[in-house]
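First comes the structure, then the notes that go with it.
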2 protein chains.
Amino acid sequence: MKSVVPVTVVEIKTACSQCNLRELCLPFGLDPGEVNQLDELVGSRRKIKRQQHLYRSGDSFEAIYAIRAGSFKTDVILEDGRDQVTGFQMTGEVLGLDGISTEQHSCNAIALEDSEVCVIPFGRLEELSRQVESLQHQFHKIMSREIVRDHGVMMLLGSMRAEERLAAFLLNMSQRFTARGFSPSEFHLRMTRDEIGSYLGLKLETVSRAFSRFQDEGLVAVQQKHIRILDTPGLKRILNHHTA
Amino acid sequence: MKSVVPVTVVEIKTACSQCNLRELCLPFGLDPGEVNQLDELVGSRRKIKRQQHLYRSGDSFEAIYAIRAGSFKTDVILEDGRDQVTGFQMTGEVLGLDGISTEQHSCNAIALEDSEVCVIPFGRLEELSRQVESLQHQFHKIMSREIVRDHGVMMLLGSMRAEERLAAFLLNMSQRFTARGFSPSEFHLRMTRDEIGSYLGLKLETVSRAFSRFQDEGLVAVQQKHIRILDTPGLKRILNHHTA
DNA sequence: GGAGCCCTTTGATCCACGTCAATACGATTT
DNA sequence: AAATCGTATTGACGTGGATCAAAGGGCTCC
């Protein structure tokens, strides 16, 4: 039976028009005819195994990538070896926007688990978005959203204490899982304590201690990478109730 | 004599095609005909006095702004009053990109001195960049540059010590002044120690102490807001020579 | 299904930066 | 030229998170 399944079925299944992520991704706000045009643009898909690079800092920039399955981290590395995780990306999110400015990528994108991305050749995206107003606008929104997100991280790194940072991180993850149809209160983190720490500007021991404290206070149940949020308002209170 | 100067002269003088900032700004890479089209788009200019807002968080988004004269800071404010400076902007740089994502601005833009901006209605910019490929591309580069810049700040906030942050800040300012034809080694900071501190995730006292230390070590001469860099390689060494 | 290794947790100690406080300086106003 | 106020410097002290260290737990890969 398997051999009679036509290849085209697979093709259709992976097209934007059939993708269950289209409400989160580049096709958002496009009408069906426009999504079909986008389908033609998204030439290929690429599978990336856990711990492998989608691109590296210095690679020449040719395409942006929409995450179809799995998740990634992006990081920047200094000459002296220090590195900073600049973000964690989930399905439907777009990677590679950093490369537009100099035609070279300025960070590394690494899969946190076996993953798959849609390759969107950037020249053709610019071409199509000159024709399709809604695509142009959605693309601009995605770039702007990235800027706003980065400002939030700057706020977090610049003026929050360790437990506030972790609370903000957990609430953000919860919200993003929710947007993807998963439980808001129970999820599996794909990154290590060290990676969370790098993202939050903390050492892994501090992250671990903050998790333990949250657990002691009944805010979350932590079992390694499996997180259950028990008291969302409590976490939010940690964020706002800055007693200084 | 004054009364005979025709208004049109003023108009021409402030057009993109005549602007000495065009190599840094939106017109970069456009041919003369295309710059003329951009001239028509940039409808009005707006003067902003020192300490006044160009826009506020929550304001509806209608335009982006190119700085013609002066300088700005952008900041984000939390409910509990804490604020984080997310950037300092100089002539030729573009403000307001944060507003695209939600049609509302998500930060405040405040003039550090009496300043002037070109108002670029965003709907018309999108329209023109559908017709003018080089404008579209330059706009995308400007947005991407903002993302890359933010990643640099995240690196700074997440994994550098106080003196490294200040060294990075001074080198960055120097480089931006240079790009505008000013001295690389001698300049006037328009922001207070408190604002620098907020941007760098430090308290104002720590910024002040770091300045004093740099002065003691002969790296810079500091006199209030007037800075003279005496040893650029020395500052760069502070950045890279992370003995940890 | 076992071995090895990475990841996580927890404790003890240290230090960079924050906090509190006082003074000094400079720009602006009168 | 004096008064005022925001800004900057400097000192003394406290603390949150880093560092160092050790042990336990759970994946991953044979």
Side-chain angles (χ1 to χ4, degrees), chain A residues 49-52 73 81-85 110-114 156-169 188-217 220-227 238 242-244, chain B residues 49-51 73 81-85 110 112-114 156-167 169-170 188-217 220-227 238 242-244:
Chain A
K49 286 224 167 289
R50 182 166 181 277
Q51 301 283 37
Q52 286 191 337
K73 69 169 176 180
R82 280 181 290 181
D83 71 327
Q84 172 73 29
V85 171
I110 299 148
L112 293 174
E113 60 194 304
D114 292 358
L156 186 147
L157 292 170
S159 50
M160 287 186 179
R161 359 196 39 257
E163 293 189 5
E164 294 177 304
R165 297 184 198 189
L166 188 63
F169 171 74
H188 195 83
L189 298 175
R190 313 317 297 223
M191 65 294 285
T192 67
R193 299 287 188 265
D194 195 34
E195 289 165 332
I196 297 172
S198 174
Y199 180 61
L200 299 179
L202 302 169
K203 291 290 148 183
L204 68 93
E205 295 95 328
T206 304
V207 174
S208 178
R209 277 185 246 271
F211 268 127
S212 299
R213 182 88 82 92
F214 285 175
Q215 177 143 272
D216 293 348
E217 288 167 354
V220 297
V222 184
Q223 210 167 7
Q224 305 292 127
K225 291 182 160 132
H226 190 85
I227 305 291
I238 287 182
H242 184 61
T243 35
Chain B
K49 285 222 166 293
R50 181 163 183 276
Q51 301 284 34
K73 69 170 176 180
R82 279 181 290 183
D83 71 329
Q84 172 73 30
V85 171
I110 299 148
L112 293 174
E113 59 193 306
D114 293 356
L156 187 147
L157 292 170
S159 50
M160 288 187 177
R161 0 192 47 255
E163 292 188 7
E164 295 176 305
R165 296 184 200 190
L166 188 63
F169 171 74
L170 289 175
H188 193 84
L189 298 175
R190 314 315 297 223
M191 64 295 284
T192 67
R193 299 288 188 265
D194 195 34
E195 288 165 334
I196 297 172
S198 173
Y199 180 62
L200 299 178
L202 302 168
K203 291 292 147 182
L204 69 94
E205 295 94 329
T206 304
V207 174
S208 179
R209 276 186 246 269
F211 268 126
S212 300
R213 182 87 84 92
F214 285 175
Q215 177 143 273
D216 293 347
E217 288 167 355
V220 296
V222 184
Q223 210 169 6
Q224 307 289 129
K225 290 182 160 133
H226 191 85
I227 305 291
I238 288 183
H242 184 63
T243 35

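We use all heavy atoms of the structure for the numbers below, so side chains are in, but hydrogens, waters and symmetry mates are not. So you know, we letter chains A, B, ... as the sequences are listed, proteins then strands, and number each from 1.
For the ring-ring contact (aromatic ring centres under 6.0 Å, His included) test, no residue two or more places apart in sequence or in another chain qualifies with Phe214(A). Applying the salt bridge (Lys or Arg N to Asp or Glu O under 4.0 Å) test to Arg190(A) and every residue at least two apart in sequence or in another chain returns Glu113(A). Taking Asp114(A) as the reference, Lys49(A) meet the salt bridge (Lys or Arg N to Asp or Glu O under 4.0 Å) condition, with sequence neighbours excluded. For the side-chain contact (heavy atoms from CB on, under 4.5 Å) test, no residue two or more places apart in sequence or in another chain qualifies with Gln224(B). For His188(A), the side chain to side chain donor-acceptor pair (under 3.5 Å) criterion is met by no residue, not counting sequence neighbours. Annotation: salt bridge (Lys or Arg N to Asp or Glu O under 4.0 Å) contacts of Glu195(A) (sequence neighbours excluded): Lys73(A).
Direction of the helix axis in the helix from dG1(C)-dC30(D) to dT30(C)-dA1(D) shifts by 70° between the two five-pair termini, rounded to 10°.
The distance from atom NE2 of His226(B) to atom C1' of dC25(C) is 17 Å, rounded to the nearest whole Å. The interatomic distance linking Glu164(B) (CD) with dC17(C) (C1') rounds to 14 Å, in whole Å. Atom C1' of nucleotide dC5(C) and atom CD of Gln51(A) are separated by 14 Å, given to the nearest angstrom. Between the CZ atom of Arg213(B) and the C1' atom of dA8(D) there is a distance of 18 Å, given to the nearest Å. Spacing between atom CG of Asp114(A) and atom P of dT28(D) amounts to 10 Å, rounded to whole angstrom units. The CZ-P distance, from Arg190(A) to dC7(C), rounds to 15 Å in whole Å. Taking atom CD on Gln215(B) and atom C1' on dT9(D), their separation rounds to 11 Å, with Å as the unit. Counting to the nearest Å, the C1' atom of dT10(D) and the CD atom of Gln224(B) are 14 Å from each other.
Taking 4.0 angstrom as the limit, Thr192(B) places none of its side-chain polar atoms (N or O) nearer than this to OP1 or OP2 of dG6(D).
Counting only residues at least two apart or on different chains, no salt bridge (charged side-chain N to carboxylate O under 4.0 Å, His left out) pair has a member in residues 197-212 of chain A.
Both Met160(A) and Phe211(B) sit near DNA chain D, but only Phe211(B) has its closest nucleotide nearer the 5' end. Map Arg209(A) and Lys225(A) each onto its nearest nucleotide of DNA chain C; the residue landing nearer the 5' end is Lys225(A).
Counting only distance, with no hydrogens or angles, the side chain of Gln84(A) and the backbone of Ser198(A) share a donor-acceptor pair below 3.5 Å. Using a distance-only test at 3.5 Å, with no hydrogens or angles considered, no donor-acceptor pair links the side chain of Arg193(A) to the main chain of Leu204(A).
Within a heavy-atom distance below 4.0 Å of DNA chain C, the residues of residues 193-208 of chain B found are Gly201(B), Leu202(B), Lys203(B), Glu205(B), Thr206(B).
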